[in-house]
Amino acid sequence: MLQNLREMLAYIGDDPAREGLQETPKRIVKSWKKLFGGYQQKPQDVLKTFVEGSCEEMVVLKDIEFYSTCEHHLQPFFGTISIGYLPNGRVLGISKLARLVEVFARRLQIQEKLVAQIADSLMETLHPHGVMVVCKAKHMCISSRGIEKHNAVMVTSAIRGAFNKLEVRSEFLEMIK
């Protein structure tokens, strides 16, 4: 692994033996443990549900910060994710929603798949009446290469169950403004 990383440094035109790069392959491997730590986690392991405190009203956690890596260019993308669900007899500890975001964001990813994986995991584990996930993110692959548009923000959503009804979806969107 370390030798492959040294070869990559040489491939881009630098000298992997120079002082500033000698430890870089080890630092890359260490950083990958955090950046791609989502592969070591399962959604069901972070989604503890509770009957006590359950309600019938919408539960929303908005503006959850995340960092991920584009699977197409190995470039970072980052932003916020907002999640809403309509309980069906069970609720989650609020930190569990943020932990679920981390499980999927800390993998090679595309934004469209990220929101779908979060929504599907909540539907499978919590069995709510519905879920909606909205992600707003900046992608380094569009700002640092290619078209170089620095202020572009991509917005994606995943809609499940009751959130397909316009009034439910509208209430959620109003809450996350």
Side-chain angles (χ1 to χ4, degrees), residues 5 8 12 24 27-48 58-86 91-126 128 130-177:
L5 292 169
M8 283 176 42
I12 62 173
T24 296
R27 288 190 292 267
I28 290 171
V29 170
K30 184 178 179 183
S31 75
W32 283 353
K33 289 179 180 167
K34 174 69 175 176
L35 294 173
F36 305 116
Y39 290 112
Q40 308 309 313
Q41 296 179 294
K42 296 178 185 160
Q44 57 271 29
D45 293 343
V46 301
L47 292 177
K48 180 175 177 160
M58 189 179 302
V59 175
V60 175
L61 183 60
K62 71 179 208 170
D63 298 331
I64 306 163
E65 295 175 350
F66 78 94
Y67 300 89
S68 193
T69 305
C70 167
E71 68 182 38
H72 297 147
H73 302 102
L74 291 182
Q75 294 285 313
F77 69 98
F78 56 93
T80 61
I81 292 177
S82 296
I83 303 170
Y85 70 94
L86 285 168
V91 292
L92 290 168
I94 201 71
S95 68
K96 304 311 181 202
L97 293 173
R99 291 183 191 282
L100 181 63
V101 168
E102 284 293 294
V103 167
F104 290 115
R106 296 299 184 167
R107 299 176 181 191
L108 292 176
Q109 198 56 275
I110 62 170
Q111 188 172 327
E112 299 90 337
K113 185 171 68 172
L114 175 60
V115 293
Q117 289 173 325
I118 293 167
D120 291 341
S121 289
L122 287 169
M123 290 299 289
E124 291 167 12
T125 303
L126 193 57
V131 170
M132 187 163 173
V133 180
V134 172
C135 179
K136 298 175 184 177
K138 287 192 167 199
H139 292 250
M140 294 305 293
C141 56
I142 194 172
S143 58
S144 67
R145 53 162 298 282
I147 192 111
E148 296 185 31
K149 298 302 177 197
H150 306 285
N151 294 314
V153 176
M154 184 169 164
V155 180
T156 55
S157 65
I159 301 167
R160 306 289 186 268
F163 283 83
N164 283 300
K165 296 179 184 171
L166 181 58
E167 62 274 11
V168 177
R169 185 168 55 247
S170 295
E171 179 183 347
F172 172 73
L173 292 172
E174 185 64 30
M175 292 175 86
I176 67 169
K177 274 187 178 176

Exercise. Hey, what's the ring geometry for His139 with Phe77, parallel, tilted or perpendicular (30° and 60° as the breaks)?
Worked result: parallel
Exercise. Who are the salt bridge (Lys or Arg N to Asp or Glu O under 4.0 Å) partners of Glu102, not counting sequence neighbours?
Worked result: Arg106
Seminar exercise, completed: Hits for salt bridge (Lys or Arg N to Asp or Glu O under 4.0 Å) against Lys113, two or more places apart or cross-chain, chain-then-number order -> Glu71
For this session: Please answer whether the main-chain N or O of Ile28 pairs with a side-chain N or O of Ser31 as donor and acceptor at a distance below 3.5 Å.
Result: yes
Seminar exercise, completed: Correct closest heavy-atom pair for Phe66 and Lys136 would be CE2-O, 4.3 Å
Distance-only donor-acceptor hits, side chain of residues 93-101, under 3.5 Å, sequence neighbours excluded:
none

Problem set entry | Test side-chain contact (heavy atoms from CB on, under 4.5 Å) applied to Gln44 - qualifying residues, sequence neighbours left out | Lys42
Problem set entry | Backbone of Met123 reached by a side-chain donor or acceptor of Tyr85 within 3.5 Å | no
For this session: Check side chain to side chain donor-acceptor pair (under 3.5 Å) between Lys177 and all other residues, then give those that pass, not counting sequence neighbours.
Result: Glu174
Problem set entry | Listed once per pair and sorted, the side chain to side chain donor-acceptor pair (under 3.5 Å) pairs that draw on residues 149-169, sequence neighbours left out | Gln111-Thr156, Asp120-Arg160
For this session: Please name the pair of heavy atoms, one in Ile142 and one in Ala152, separated by the smallest distance, quoted to 0.1 Å.
Result: CD1-CB, 4.4 Å
Exercise. Considering residues at least two apart in sequence or located in another chain, which fulfil the side-chain contact (heavy atoms from CB on, under 4.5 Å) criterion with Ser144?
Worked result: Gln75, Met140
For this session: Name all residues meeting the side-chain contact (heavy atoms from CB on, under 4.5 Å) criterion together with Ser82; count only those two or more places apart in sequence or in a different chain, and write none if there are none.
Result: Lys62, Asp63, Phe172, Ile176
Problem set entry | Heavy-atom pair of closest approach, residues Leu108 and Phe36 | CD2-CE2, 3.6 Å
Problem set entry | Smallest separation among heavy atoms of Ser68 and Ala105, with atom names | OG-O, 2.6 Å
Exercise. What is the minimum heavy-atom distance between Leu86 and Ala162, and which atoms define it?
Worked result: CD1-CB, 3.7 Å
Seminar exercise, completed: Interatomic distance, CG@Leu47 vs CG@Leu126, rounded to 0.5 Å, equals 8.0 Å
Exercise. Would you call Leu173 and Met132 a side-chain contact if the rule is heavy atoms closer than 4.5 Å?
Worked result: yes
Problem set entry | Taking every non-hydrogen atom, the tightest pair across Val133 and Ile81 | CG1-CG2, 3.6 Å
Exercise. Rounded to the nearest 0.5 Å, how far does CD1 of Ile118 lie from CD1 of Ile83?
Worked result: 5.0 Å
Problem set entry | Pairs satisfying ring-ring contact (aromatic ring centres under 6.0 Å, His included), at least one member in residues 99-120, at least two apart | none
For this session: For the residue pair Val134 and Val115, establish whether any side-chain heavy-atom pair is separated by less than 4.5 Å.
Result: no
For this session: Answer whether the closest heavy-atom distance between the side chains of Phe163 and Met58 falls below 4.5 Å.
Result: yes
Exercise. With side chains defined as the heavy atoms from C-beta onward, is the minimum distance between Ser143 and Glu148 less than 4.5 Å?
Worked result: no
